[in-house]
Chemist: 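The structure that follows is given in the form of structure tokens.
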Amino acid sequence: MKKISIAIDGPAGAGKSTIAKRVAKQLNYIYVDTGAMYRSMALACLRAGLDLNDEEKVSELCSGLDVTLRHENGEQIILLNGENVNRWIRTQEVGNATSVIAVYSKVREKLVKLQRQLAKQENIVMDGRDIGSCVLPNADVKIYLTASARVRAERRCKELLERGEEADIDVVERDIIDRDYRDMHREISPLVQAEDAVMVDASDMTIEMVTDRILEIVYAG
Ligand code: DC
């Protein structure tokens, strides 16, 4: 039977993973966080002490990595060569490294293949940057979730502080703007709103409001 896929794309910090998780739970679908896949590869590069601008070295290392997903109680667990790396991939350092290596074609090809395989096997809600535009162009529903850079920086700061990391709102906002720019201007699979995606601007919406809006779009489709 054909599996149903819901693509949620948008810039960093728009709340994609929180919302995608909730939508997946409501629908009893599997949630796939593609950013975590790219983050795990960046973590491997940082651990290996690679120069992230060295595309050849980064591509070589990433080609040999084994990235797999497991799901426990609706949570995605990312396994890097068999090791659960969930707790290591959410730092600002890994986030910044990820947007550098995510532009490399070898890195993307490997993960896009894995993401397409997952979508064939399960009903999924998949979030990322290029899901509706490239990974799953035939997704049943496509959402482009965004929010202003300041609102996104405020949320990211709150998350970082909760985890005991230092956070300066202006630095985080600057990082977000830089990351948006890199994500939107890279040559391969830049962050764009797919033509048939519905835009949801979450700047002034609560998590519940955004979840309900997306479910409304899913049921209407
Ligand atoms: O959503 P996130 O913050 O976990 O994503 C981390 C980085 O990974 C982000 O800078 C862009 C990149 N990414 C990507 O290029 N393509 C995806 N499908 C998901 C994330």
Side-chain angles (χ1 to χ4, degrees), residues 1-42 62 65 67-80 85-86 89-90 95 98-99 101-103 107-147 179 183-184 186 188-200 202 207 210-221:
M1 204 169 82
K2 184 194 171 296
K3 299 296 179 188
I4 298 181
S5 46
I6 298 172
I8 303 185
D9 291 301
K16 294 185 301 294
S17 49
T18 306
I19 302 296
K21 230 181 265 176
R22 290 172 66 104
V23 171
K25 192 167 180 215
Q26 285 283 328
L27 298 168
N28 206 16
Y29 287 7
I30 298 279
Y31 163 57
V32 181
D33 171 0
T34 62
M37 298 175 168
Y38 288 95
R39 283 172 182 266
S40 70
M41 287 201 165
C62 291
L65 294 174
V67 175
T68 40
L69 302 185
R70 209 172 61 209
H71 291 87
E72 276 175 20
N73 305 323
E75 284 294 319
Q76 171 181 289
I77 295 178
I78 187 117
L79 300 168
L80 176 66
V85 290
N86 275 30
I89 59 175
R90 296 283 155 209
T98 308
S99 79
I101 68 145
V103 304
V107 172
R108 299 204 73 81
E109 274 164 24
K110 176 161 175 157
L111 293 181
V112 167
K113 199 168 150 204
L114 185 59
Q115 291 153 14
R116 287 182 177 150
Q117 275 168 4
L118 288 167
K120 268 197 197 142
Q121 293 159 3
E122 309 276 358
N123 292 327
I124 50 145
V125 178
M126 186 177 279
D127 81 7
R129 301 291 189 289
D130 60 336
I131 311 305
S133 59
C134 162
V135 180
L136 305 173
N138 298 319
D140 300 273
V141 177
K142 297 181 187 178
I143 306 287
Y144 188 81
L145 182 65
T146 188
R179 202 187 302 179
D183 290 348
M184 287 173 180
R186 65 184 180 216
I188 309 170
S189 303
L191 168 64
V192 282
Q193 180 180 348
E195 255 175 45
D196 47 352
V198 181
M199 146 95 85
V200 176
I207 291 170
V210 180
T211 309
D212 288 349
R213 174 76 189 113
I214 292 179
L215 286 169
E216 203 179 276
I217 296 165
V218 170
Y219 292 133

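Every value quoted in this text rests on a predicted model; they were computed, and no experiment measured them.
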Chemist: Show, in sequence, the C-alpha distance, side-chain angles and deciding distance for Leu69 and Ile77, and conclude whether the side chain to side chain contact (heavy atoms under 4.5 Å, CB included) test is met.
Modeler: CA-CA 6 Å; Leu69 302 185; Ile77 295 178; over 6 Å; no
Chemist: Does Gln193 reach the main-chain N or O of Ala197 with its side chain, forming a donor-acceptor pair under 3.5 Å?
Modeler: yes
Chemist: Suppose the criterion is salt bridge (Lys or Arg N to Asp or Glu O under 4.0 Å): which pairs have a residue in residues 109-119, not counting sequence neighbours?
Modeler: none
Chemist: Shortest non-hydrogen contact from Ser133 to Val192?
Modeler: CB-CG2, 4.0 Å
Chemist: Less than 4.5 Å apart, side chain to side chain, heavy atoms only: is that true for Pro190 and Met184?
Modeler: no
Chemist: Let me see the working for Ile143 and Asp9 under side chain to side chain contact (heavy atoms under 4.5 Å, CB included), right down to the final yes or no.
Modeler: CA-CA 6 Å; Ile143 306 287; Asp9 291 301; over 6 Å; no
Chemist: Rounded to the nearest 0.5 Å, what separates atom OH in Tyr219 from atom CG in Asp212?
Modeler: 10.0 Å
Chemist: Return yes if some donor-acceptor pair links the side-chain N/O of Asp127 with the main-chain N/O of Ile8 below 3.5 Å, else return no.
Modeler: no
Chemist: For Asp196, which residues count as a side-chain contact (heavy atoms from CB on, under 4.5 Å) partner, sequence neighbours excluded?
Modeler: Lys142, Ala194
Chemist: Under 3.5 Å, which donor-acceptor pairs link side chains of residues 16-28 to any protein atom two or more places apart or in another chain?
Modeler:
unit_1, atom_1, unit_2, atom_2, d
Lys16, NZ, Gly10, O, 3.0
Lys16, NZ, Pro11, O, 2.9
Arg22, NE, Thr211, OG1, 3.2

Chemist: Which heavy atom in Ala147 sits nearest to a heavy atom in Ala202, and how many Å separate them?
Modeler: CB-C, 4.2 Å
Chemist: Among residues at least two apart in sequence or on other chains, which ones pass side-chain contact (heavy atoms from CB on, under 4.5 Å) with Ala36?
Modeler: Asp33, Gln76, Ile78, Ile89, Arg90
Chemist: Suppose we screen for salt bridge (charged side-chain N to carboxylate O under 4.0 Å, His left out). Which residues come up paired with Glu72, at least two apart in sequence or across chains?
Modeler: Arg70
Chemist: Run the side-chain hydrogen bond (donor to acceptor under 3.5 Å, both in side chains) test against Ser99 and tell me which residues pass, sequence neighbours left out.
Modeler: Arg182
Chemist: Give the intermediate values and the outcome of side chain to side chain contact (heavy atoms under 4.5 Å, CB included) for residues Val125 and Val32.
Modeler: CA-CA 6 Å; Val125 178; Val32 181; over 6 Å; no
Chemist: State the OG-CG distance between Ser40 and Leu79, to the nearest 0.5 angstrom.
Modeler: 9.5 Å
Chemist: Any idea which heavy atoms bring Cys134 and Pro137 closest together, and the distance?
Modeler: O-CD, 3.3 Å
Chemist: Among all residues two or more places apart in sequence or in another chain, which pass the side-chain hydrogen bond (donor to acceptor under 3.5 Å, both in side chains) test with Glu216?
Modeler: Arg213
Chemist: Checking Asp183 now: which residues fulfil salt bridge (charged side-chain N to carboxylate O under 4.0 Å, His left out) with it, not counting sequence neighbours?
Modeler: Arg129, Arg186
Chemist: Using the side-chain hydrogen bond (donor to acceptor under 3.5 Å, both in side chains) criterion, which residues pair with Asp140? Sequence neighbours excluded.
Modeler: Lys2
Chemist: Of all residues at least two apart in sequence or in a different chain, which pass the side-chain contact (heavy atoms from CB on, under 4.5 Å) check with Asn123?
Modeler: Lys3, Ile4, Tyr29
Chemist: Atom CD of residue position Gln117 - does it have more than 12 heavy atoms of other residues, nucleotides or ligands inside 6.0 Å?
Modeler: yes
Chemist: Step by step, work out the side chain to side chain contact (heavy atoms under 4.5 Å, CB included) result for Met199 and Thr146.
Modeler: CA-CA 8 Å; Met199 146 95 85; Thr146 188; 3.4 Å; yes
Chemist: Go through the structure and list residues passing side-chain contact (heavy atoms from CB on, under 4.5 Å) with Gln115, not counting sequence neighbours.
Modeler: Thr34, Met37, Tyr38, Leu111, Val112, Met126, Ile131, Val135
Chemist: Tell me, please, which residues at least two apart from Asp130 pass salt bridge (charged side-chain N to carboxylate O under 4.0 Å, His left out).
Modeler: Arg108
Chemist: Does His71 reach the main-chain N or O of Tyr31 with its side chain, forming a donor-acceptor pair under 3.5 Å?
Modeler: yes
